[in-house]
Amino acid sequence: MSATETRPVLPGRAAFIVSHYRLIVSGIYLLAALVMIPPAWVSMREIDRDIRSLAHERGTALFQMVELSREWNARHGGVYVPVTPDMQPNTYLHHPQRDITDQSGRQLTLVNPAYMTRQIADLAAAREGVRFHLTSLRPLRPGNEPDAWEASALGRFERVEASEQFDFLPDGAAGLPGPVYRYMAPLHVKQACMRCHAAQGYRVGDVRGGISVTIPAKRLEVLVSERNRQIWLLFGLVGFALAGLGHLLIWRARAALQHVARIHADQEQLIAERTRELSQAADEQRVAAAVFDSATAGLIVTDPQAHILRVNPAFCRMSGYSAAELIGQTPALLRSGRHDAAFYAQLREQLQREGSWQGELWNRRKDGEPFAVWLAISTIASGSTGECFVGSYTDITKRKEAEAIILHRANHDALTGLPNRSLFADRLGTALALSRRHGSQLGLLFIDLDGFKRINDTLGHAAGDELLVQAAQRMQQCVREVDTLARLGGDEFAVILGSLREEHECAEVAERLNHALARQFDLMDGSVRIACSIGIALAPLHATTELELRRLADMALYKAKGRGGNTWQMTMAGGKKPPRTVADR
Ligand SMILES: Nc1nc2c(ncn2[C@@H]2O[C@H](COP(=O)(O)OP(=O)(O)OP(=O)(O)O)[C@@H](O)[C@H]2O)c(=O)[nH]1
């Protein structure tokens with residue numbers, strides 16, 4: 001039996017049958033023997049009694065036959081029979097006419113009942129082995145002396161203690177080879193007897209003697225033992241059959257019980273395994289619930305129609321909504337409006353196709369504040385509701401803000417907050433592409449402050465910084481929101497004017513810039529005046545590439561500076577190619 005198998009378990013009586021099977025089977029055979037022995041013994045006793053009864057009847061019948069023969073003889077005063085070698089005159093008979101000769105000269109002798117009895121006895125002994133013995137306690141003939149058994153019986157007859165005697169005598173007890181039955185009954189003196197025995201003093205009715213009948217019992221004994229053997233065989237077979245039947249029934253019962261026990265054990269094992277699995281599942285569920293509830297990420301579970309089924313505390317904290325407010329709603333409740341319908345359509349399409357989606361998303365808290373999340377949606381199979389979706393929300397607002405700051409710093413001038421050279425280049429490339437696509441005019445203005453170094457030198461670097469900031473603010477007011485004002489470095493600035501309708505719009509902006517910067521600047525350490533020079537190039541009027549456009553604008557600036565500053569200079573169409581300037585480097 002392996003370690004995982006369960007030992008068969010049976011209730012009390014059934015377990016006893018299985019565990020004491022051999023003892024029970026032995027008991028069945030023993031019980032069958034005990035049950036069969038008494039009736040067998042009784043049957044044997046009955047056979048013995050029947051045989052004994054048979055022998056008794058046979059002895060009685062033979063006795064009566066002899067007695068009748070004797071009575072018949074006595075009534076006739078004896079009978080004469082021819083004298084032969086086997087029938088000699090009875091020497092014990094004293095009768096005057098014992099021997100006579102008939103008219104034909106044949107010799108006859110008188111046969112009295114006693115002699116006749118002896119003759120019949122000799123005949124019976126010769127033929128059947130049955131012995132008759134005429135005997136008396138006072139016999140006339142010595143040969144009629146009783147043996148011990150006969151003497152005992154005769155004594156009892158005379159004392160009127162018994163009317164007959166019947167016994168079985170074992171081998172040798174009767175002085176004969178083999179066992180015998182002996183029957184003896186008394187001979188009573190009858191009137192016919194008195195003719196010969198009156199002289200002996202008998203009276204009618206007296207017990208004169210008796211005749212014993214000795215029947216060999218050997219054949220009957222054989223018969224009895226044969227019957228006994230048959231009885232033993234019969235009862236043995238019946239007993240064995242009953243015990244065998246009991247054995248079969250108990251064997252089948254044991255087999256059935258063992259089968260039941262095995263089924264019971266299998267079921268027990270199955271239940272134990274199932275219980276273990278359920279317990280494991282419950283543990284896993286508890287762990288999963290604990291993980292769900294204690295996760296730092298906001299988690300929601302929705303049905304296939306995106307209705308929220310479960311939310312964890314982190315999601316509630318993140319969104320500002322309670323679980324009760326969220327359950328039954330869809331995540332659309334949190335939409336920030338920062339993503340268009342196409343964004344959500346793409347999300348749903350990928351979710352359907354791949355079973356998952358992840359990306360950045362802007363949502364809005366209950367208080368209206370937007371927040372950025374990294375959202376990972378995956379599909380899970382749920383038993384009762386079919387497919388479900390699990391959304392994991394990680395708040396990345398702070399990271400996004402940090403990224404925005406870094407990005408801003410990377411692309412903007414720290415002093416004025418204006419786009420720096422890098423962002424300027426990017427914006428110029430984008431504006432040129434848009435200009436080409438829409439067929440619109442784009443203006444590029446390079447601005448350089450006049451006499452700035454003097455401020456630094458006279459009022460200090462901080463005043464120079466203050467002036468740069470104020471100058472940037474004034475320039476910003478001279479352009480549209482869609483235009484880009486950038487600080488390229490030092491006291492150099494640039495303006496990108498997109499979607500110009502007319503060429504002179506560019507000149508107007510340059511004009512405004514000149515005026516704005518020519519006004520007095522009130523600084524912490526005093527009021528100062530500066531000016532600016534502006535060089536202008538247009539695309540696609542003057543150039544179509546970024547490099548060319550910048551070169552032309554720079555050249556125009558150079559020209560404006562050359563004219564004494566505080567002015568602007570438009571690139572002259574078809575003019576001589578200007579020399580290379582600082583902006584080329
Ligand atoms: N205060 C301050 N000064 C700067 C900054 N960047 C550059 N400068 C100074 O600005 C001056 C620019 O030089 P120039 O262009 O020759 O000065 P300018 O007096 O305007 O000369 P013109 O352009 O020929 O009129 C230099 O002295 C730089 O040191 C800054 O961020 N702050």
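Throughout, numbering of the chain's residues begins at 1 and tracks the sequence. Counting starts at 1 for both ligands and their atoms, in listed order. Worth saying up front: this structure is predicted, and the values here are computed from it rather than measured.
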Distance alone, cut at 3.5 Å: any donor-acceptor contact between the side chains of Gln346 and Gln350? yes
Looking at CE of Met318 and CZ of Arg365, how far apart are the two atoms once the value is rounded to the nearest 0.5 Å? 8.0 Å
Set of residues that line ligand 1, where lining means a heavy atom lies under 4.0 Å from it: Asp448, Leu449, Asp450, Gly451, Phe452, Lys453, Asn456, His461, Gly464, Asp465, Leu468, Arg487, Gly490, Asp491, Lys561
Answer yes or no: is there a donor N or O on one side and an acceptor on the other, between the side chain of His264 and the main chain of Val260, under 3.5 Å? no
Whether Phe424 and Phe446 hold their rings parallel, tilted or perpendicular, with breakpoints at 30° and 60°: tilted
Across all chains, not counting sequence neighbours, the ring pair (Phe, Tyr, Trp, His ring centres under 6.0 Å) partners of His20 are Phe16
Taken to the nearest 0.5 Å, the spacing of Arg551 CZ from His542 NE2 works out to 16.0 Å
